[in-house]
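To start, the structure under review is shown below, and the notes come after it.
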Amino acid sequence: QVQLVESGGGLVQAGGSLRLSCAASGSIFSLNAMGWYRQAPGKQRELVARITSSGSTNYADSVKGRFTISRDNAKNTLFLLMNSLKPEDTAVYYCTAGLDSGSYYSPHYWGQGTQVTVSS
């Protein structure tokens, strides 16, 4: 079993920055990737960014150049640095851990989510 606990969400003005963190515990050794999803009110959940255990990253087009995903393998911690935030980035952000095949990321575990609100 894997436990994921997010932190770092909050309210920020447009153009500002936030950094989300996710502390992972439990049996994550069989999983080779972690990622961040988000879900805005009335919208489907979408994959924002994912990173493999070797450091390969992938981003949604809507956040490329603004968001950076990283991980500290020694501390089992995942990060999402969000710069130049826009009101449309407002959503609940979820940390996930799962398997990446090289072309598809499948999350197996989810955190409880953290709210990010960007005011205009």
Side-chain angles (χ1 to χ4, degrees):
Q1 195 73 351
V2 174
Q3 295 80 41
L4 303 170
V5 179
E6 302 101 333
S7 61
L11 174 64
V12 64
Q13 287 189 331
S17 300
L18 280 176
R19 190 178 81 154
L20 305 182
S21 300
C22 173
S25 60
S27 304
I28 63 172
F29 306 106
S30 62
L31 304 173
N32 69 347
M34 298 185 74
W36 291 95
Y37 280 76
R38 68 185 180 186
Q39 186 166 23
K43 295 187 177 181
Q44 287 190 332
R45 193 172 292 183
E46 64 169 339
L47 177 61
V48 175
R50 73 100 177 98
I51 184 168
T52 67
S53 55
S54 62
S56 174
T57 59
N58 186 268
Y59 296 91
D61 288 342
S62 58
V63 306
K64 281 181 181 177
R66 300 188 298 121
F67 289 13
T68 303
I69 189 171
S70 61
R71 62 192 292 173
D72 184 333
N73 290 329
K75 297 182 178 180
N76 288 338
T77 304
L78 179 71
F79 303 99
L80 184 68
L81 176 61
M82 304 183 293
N83 294 323
S84 302
L85 282 162
K86 305 175 181 180
E88 51 263 44
D89 294 318
T90 294
V92 177
Y93 284 71
Y94 297 90
C95 172
T96 67
L99 293 175
D100 187 273
S101 67
S103 58
Y104 183 76
Y105 171 60
S106 175
H108 288 210
Y109 298 95
W110 295 76
Q112 81 286 354
T114 185
Q115 176 70 45
V116 171
T117 303
V118 184
S119 62
S120 57

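The two residues Ala97 and Leu31 come nearest to each other via the heavy atoms CB-CD1, 3.8 Å. Smallest separation of non-hydrogen atoms from Ala49 and Leu80: CB-CD1, 4.4 Å. In this structure, Ser120 and Ala14 approach most closely via the heavy-atom pair CA-CB, 4.4 Å. Heavy atoms only, all atoms of each residue included: Tyr105 and Gly35 are closest at OH-N, 3.4 Å. Across all non-hydrogen atoms, the minimal contact from Leu20 to Gly9 is CD2-N, 3.6 Å. Considering every non-hydrogen atom in both Ser84 and Arg66, the closest pair reads O-NH1, 2.9 Å.
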Inset, instruction - Could you please spell out the steps behind the side chain to side chain donor-acceptor pair (under 3.5 Å) verdict for Ser54 and Ser56? - result: CA-CA 6 Å; Ser54 62; Ser56 174; 5.6 Å; no
Legend entry - Worked check of side-chain contact (heavy atoms from CB on, under 4.5 Å) between Ser53 and Arg71: CA-CA 8 Å; Ser53 55; Arg71 62 192 292 173; 4.2 Å; yes
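Proximity of Val92 to Thr114: side-chain heavy atoms (C-beta onward) are nowhere separated by under 4.5 Å. With contacts defined as side-chain heavy-atom distances shorter than 4.5 Å, the pair Trp36/Met82 does not qualify. No side-chain heavy atom of Ser30 sits less than 4.5 Å from a side-chain heavy atom of His108. Taking the side chain as every heavy atom from C-beta outward, Tyr104 and Leu99 never approach each other to under 4.5 Å. When side chains are defined from C-beta on, Leu11 does not count as touching Gln115, because their heavy atoms never get closer than 4.5 Å.
With respect to the salt-bridge test (charged N to carboxylate O, under 4.0 angstrom), the residues Asp89 and Lys86 do not qualify.
Glu6 contributes a side-chain N or O that, together with a main-chain N or O of Gly113, makes up a donor-acceptor pair within less than 3.5 Å. Distance alone, capped at 3.5 Å, places no donor-acceptor pair between the Asn32 side chain and the Thr52 backbone.
Rounding to the nearest 0.5 Å places CG of Leu18 at 9.0 Å from CG of Leu81. Here the CE atom belonging to Met34 is positioned 8.0 Å from the OG1 atom belonging to Thr77, to the nearest 0.5 angstrom. The line from CD of Gln3 to SG of Cys22 is 11.0 Å long, rounded to the nearest 0.5 Å. The structure places CZ of Arg38 at 13.0 Å from CZ of Arg45, a figure rounded to the nearest 0.5 Å. Here Ser25 contributes atom OG and Asn76 contributes atom CG; the two are 8.5 Å apart, rounded to the nearest 0.5 Å.
One hydrophobic cluster, built from ILVMFWY side chains closer than 4.5 Å, holds both Leu4 and Leu78. By the criterion of side-chain heavy atoms lying less than 4.5 angstrom apart, applied directly or through intervening Ile, Leu, Val, Met, Phe, Trp or Tyr residues, Tyr109 is not grouped with Tyr37; the two fall into different hydrophobic clusters. No continuous path of hydrophobic side-chain contacts links Leu85 to Tyr94 [ILVMFWY only; heavy atoms under 4.5 Å]. Put simply, Val48 and Phe79 are part of two different groups of oily side chains (I, L, V, M, F, W, Y) that touch within less than 4.5 Å, one to the next.
The aromatic rings of Phe67 and Tyr93 sit tilted relative to each other, their planes meeting at an angle between 30° and 60°.
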